[in-house]
Trainee: 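The structure's right below; bear with me while I get my questions together.
In the text below, chain A, chain B and the rest are named by the order of the sequence lines, each starting its count at 1. What you are looking at is a predicted structure, and each value in this text was computed from that prediction instead of being measured.
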There are 2 protein chains.
Amino acid sequence: MSTPTPDQTLPEGAFLQGLQSLRAACSNCNLRELCLPVGLSADEMQRVDELVRTRRQVLRGEHLFRTGDAFHSLVAVRTGFFKTKVLLADGREQVTGFHMAGEVIGLDGIGNERHTCDAVALEDSEVCVLPYGRLAGLSREVEALHRRLHQIMSSEIVREHGVMLLLGSMRAGERVVAFLLNLSRRLAMRGYSERDLHLRMTREELGSYLGVKLETVSRALSKLQADGLLEVSRRNVRLLDLPALRALLAKSE
Amino acid sequence: MSTPTPDQTLPEGAFLQGLQSLRAACSNCNLRELCLPVGLSADEMQRVDELVRTRRQVLRGEHLFRTGDAFHSLVAVRTGFFKTKVLLADGREQVTGFHMAGEVIGLDGIGNERHTCDAVALEDSEVCVLPYGRLAGLSREVEALHRRLHQIMSSEIVREHGVMLLLGSMRAGERVVAFLLNLSRRLAMRGYSERDLHLRMTREELGSYLGVKLETVSRALSKLQADGLLEVSRRNVRLLDLPALRALLAKSE
DNA sequence: CAAGCTTGTTGATCCAAGTCAATGCGATGG
DNA sequence: CCATCGCATTGACTTGGATCAACAAGCTTG
């Protein structure tokens, strides 16, 4: 795996059992600047720690939840990578998002106590389980947490507006570029290179997300490579000319 | 206007000034079973009444808010019809939703205190202004309101998943049918006919929402009419065979 | 009520992306 | 170490929807 892992702090076999609880705390998690506890004071974060006890391992290909599952918890991605997808009656599926460390999934379940989409790990991953009832309860006591929850949901709405714009108004090549730049930005926020991307999904999954066929994704990438804007080798993409890529989106070619 | 108005309870020129506050109350609003106060007890609803004082008239074509505007309030549509849209740098726009009585708009602004889309009235409308700060404050005291706010945001996320499915995985004809059935259901929930629809948007706006061109919308409607599934006359649509229309979506043709 | 908009319909043509098919290439496992 | 399998690429051909264009049908407005 060519990508560095952000999580080197915690030896897998911590020999003091007591360390387990410390291990599952937001307070000393390196994602705390990105994840649920943004905007919380040290005190407040400790109160959140008390309910974020459970971590869960999800292996590549496993479902975190499925459409129809009862909703109990949100989950924050700690390591790894997920896709969420919705299904049409005849089996067609639409990937609605890709989710990485520090992002919260499961918001769709709050409304009617059932999940309305599937979440699948695209690589071996670890998530923090956030029991919704307790989270909601605490958020009525801790204003910053209340705000943060609203903010997370609102941001998800805004993100989806962006996807709708992409699906409804862009051509295939633009969609691919928009996706790559979005991924680049999210990786940069986490301290990774904004130029060297390792795609965690197949061309088919990416195509589903972008509303095009896998061959179209492949051709779009080849075209961008031919134009000298990036290098592709299977799932590794190096963005060679970020300004030019951004310009492709700024004005419609 | 061929559509009945749901609001016949309140004479425009109420002669007792005191009635104004009563007028702007959720407690005696006929939309209370659909709108913000769903799930609230009578007592709780009265507490919400105290912050939902302001109504605002928005004329056809007027903006309720614009991208970049500072965010202060959510708004609940009381009468009328709105579209929300996002813009691309080069001017292309994507309609992200159509909003009718009882629906709450402006959730996109919570995340970063600025609106990220435009909301425009498609007919003369009236909205209830819900000052966000006070709403958030009250929701920390009134648990049912807290739950309801989360539910509204979650439902919006789920709605958008549906639009992504539509934009990413359906063909033009299916998109039009999905839209009509969705509108039909929402009208039925409000006590209107599920068969007689009056579209409030142009073919172009509908096309933008559906990710196709206006001519394609027009052709799809003509095709459905030729097949005997509905009648179209400009903006009036009568659904003649709801089961058949639903079947078009259930299995891919 | 005629002139001029805006909106909607329909036809003819074109092209971006879909479909179908062959090939390549890395990983995995017997 | 070779066979297999899943994933990706590329080419040839097709097609659904876009584009361009003409026209119709309501509305405004003078």
Trainee: Could you give the CG-to-P distance, from B/Leu167 to D/dG17, as a whole number of Å?
Mentor: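 Going from CG in B/Leu167 over to P in D/dG17 covers 13 Å.
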Trainee: Rounded to whole Å, please give me the gap between CD in A/Glu123 and P in D/dC7.
Mentor: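 These atoms are roughly 15 Å apart.
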Trainee: Is there a side-chain polar atom (N or O) of A/Thr202 under 4.0 Å from OP1 or OP2 of D/dC7?
Mentor: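 No, outside the criterion.
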Trainee: Round to the nearest Å and state the distance from A/Arg200 atom CZ to D/dC7 atom C1'.
Mentor: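 It is 17 Å, rounded to the nearest whole Å.
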Trainee: What is the distance, to the nearest angstrom, from the CD atom on B/Glu204 to the P atom on D/dG17?
Mentor: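 Checked: the CD to P distance equals 19 Å.
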Trainee: Whole angstroms only, please: what is the CG-C1' distance between A/Leu199 and D/dG6?
Mentor: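 Taking CG of A/Leu199 and C1' of D/dG6, I get 17 Å after rounding.
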Trainee: Can you tell me how far C1' of C/dG18 sits from CE of B/Met170, to the nearest Å?
Mentor: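 It is 18 Å, rounded to the nearest whole Å.
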Trainee: Go through the side-chain N and O atoms of A/His63 and A/Asp118 and say whether any donor and acceptor fall under 3.5 Å apart.
Mentor: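 Yes - a donor-acceptor pair under 3.5 Å links their side chains.
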Trainee: Stepwise, does the salt bridge (charged side-chain N to carboxylate O under 4.0 Å, His left out) test hold for A/Glu103 with A/Arg190?
Mentor: CA-CA 11 Å; A/Glu103 295 173 347; A/Arg190 286 161 179 77; 3.5 Å; yes
Trainee: Test side chain to side chain donor-acceptor pair (under 3.5 Å) on A/Thr84 and A/Thr96 and set out the steps.
Mentor: CA-CA 6 Å; A/Thr84 45; A/Thr96 53; 3.0 Å; yes
Trainee: Between the base of D/dC20 and the side chain of B/Glu215, is one N or O donor paired with an acceptor at under 3.5 angstrom?
Mentor: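 Donor-acceptor pair under 3.5 Å: yes.
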Trainee: Roughly how far, to the nearest 0.5 Å, is the CG atom of B/Leu180 from the CG atom of B/Leu248?
Mentor: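 Answer rounded to 0.5 Å: 11.0 Å.
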Trainee: Look at B/Arg238 together with B/Asp196 and state whether they make a salt bridge at an N to O cut-off of under 4.0 Å.
Mentor: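 Between B/Asp196 and B/Arg238 there is a salt bridge, with a charged N closer than 4.0 Å to a carboxylate O.
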Trainee: Check each of B/Arg200, B/Lys83, B/Lys85 against B/Glu205 using the side chain to side chain donor-acceptor pair (under 3.5 Å) test, and report the only one that passes.
Mentor: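 Considering B/Arg200, B/Lys83, B/Lys85, a side chain to side chain donor-acceptor pair (under 3.5 Å) with B/Glu205 is found only for B/Lys83.
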Trainee: Output the rounded distance in Å from CG (A/Leu214) to C1' (D/dC7).
Mentor: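 My rounded result for the distance is 9 Å.
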Trainee: Side chain of B/Lys213, heavy atoms from C-beta onward: which of D/dT19, D/dA8, C/dT9 has the nearest atom to it?
Mentor: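 The answer is D/dT19, which lies nearest to the side chain.
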Trainee: So, do A/Phe98 and A/Tyr209 have ring centers that fall under 6.0 Å from each other?
Mentor: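 Yes; A/Tyr209 has its ring centre under 6.0 Å from that of A/Phe98.
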Trainee: Measure from CZ on B/Arg171 to P on C/dA17 and round the result to the nearest Å.
Mentor: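 The distance from CZ of B/Arg171 to P of C/dA17 comes to 15 Å, rounded to the nearest Å.
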Trainee: Quick check: closest heavy atoms across B/Arg78 and B/Cys128, and the distance to 0.1 Å?
Mentor: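 It is CD-SG, 4.0 Å.
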Trainee: At how many degrees, to 10°, do the end axes of the helix from C/dC1-D/dG30 to C/dG30-D/dC1 meet when each uses five pairs?
Mentor: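 Angle reported: 40°, given to the nearest ten degrees.
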Trainee: For DNA chain D, find the residues of residues 219-231 of chain A with a heavy-atom distance under 4.0 Å and give them by number; none if there aren't any.
Mentor: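 Within this stretch, A/Arg219, A/Ser222 sit under 4.0 Å of the strand.
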Trainee: Looking only at the side chain of B/Ser218 (C-beta and beyond, no hydrogens), which of the listed nucleotides C/dT10, C/dA17, D/dT9 gets closest?
Mentor: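 Closest nucleotide to the B/Ser218 side chain: C/dT10.
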Trainee: Quick one about A/Asn236 and A/His198 (side-chain donor to acceptor, distance below 3.5 Å, no hydrogens or angles considered), yes or no?
Mentor: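 Looking only at side-chain atoms, A/Asn236 and A/His198 do form a donor-acceptor pair, the distance falling under 3.5 Å.
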Trainee: Tell me whether the side-chain N/O atoms of A/Arg203 come closer than 4.0 Å to OP1 or OP2 in D/dT9.
Mentor: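 Affirmative; the distance criterion is met.
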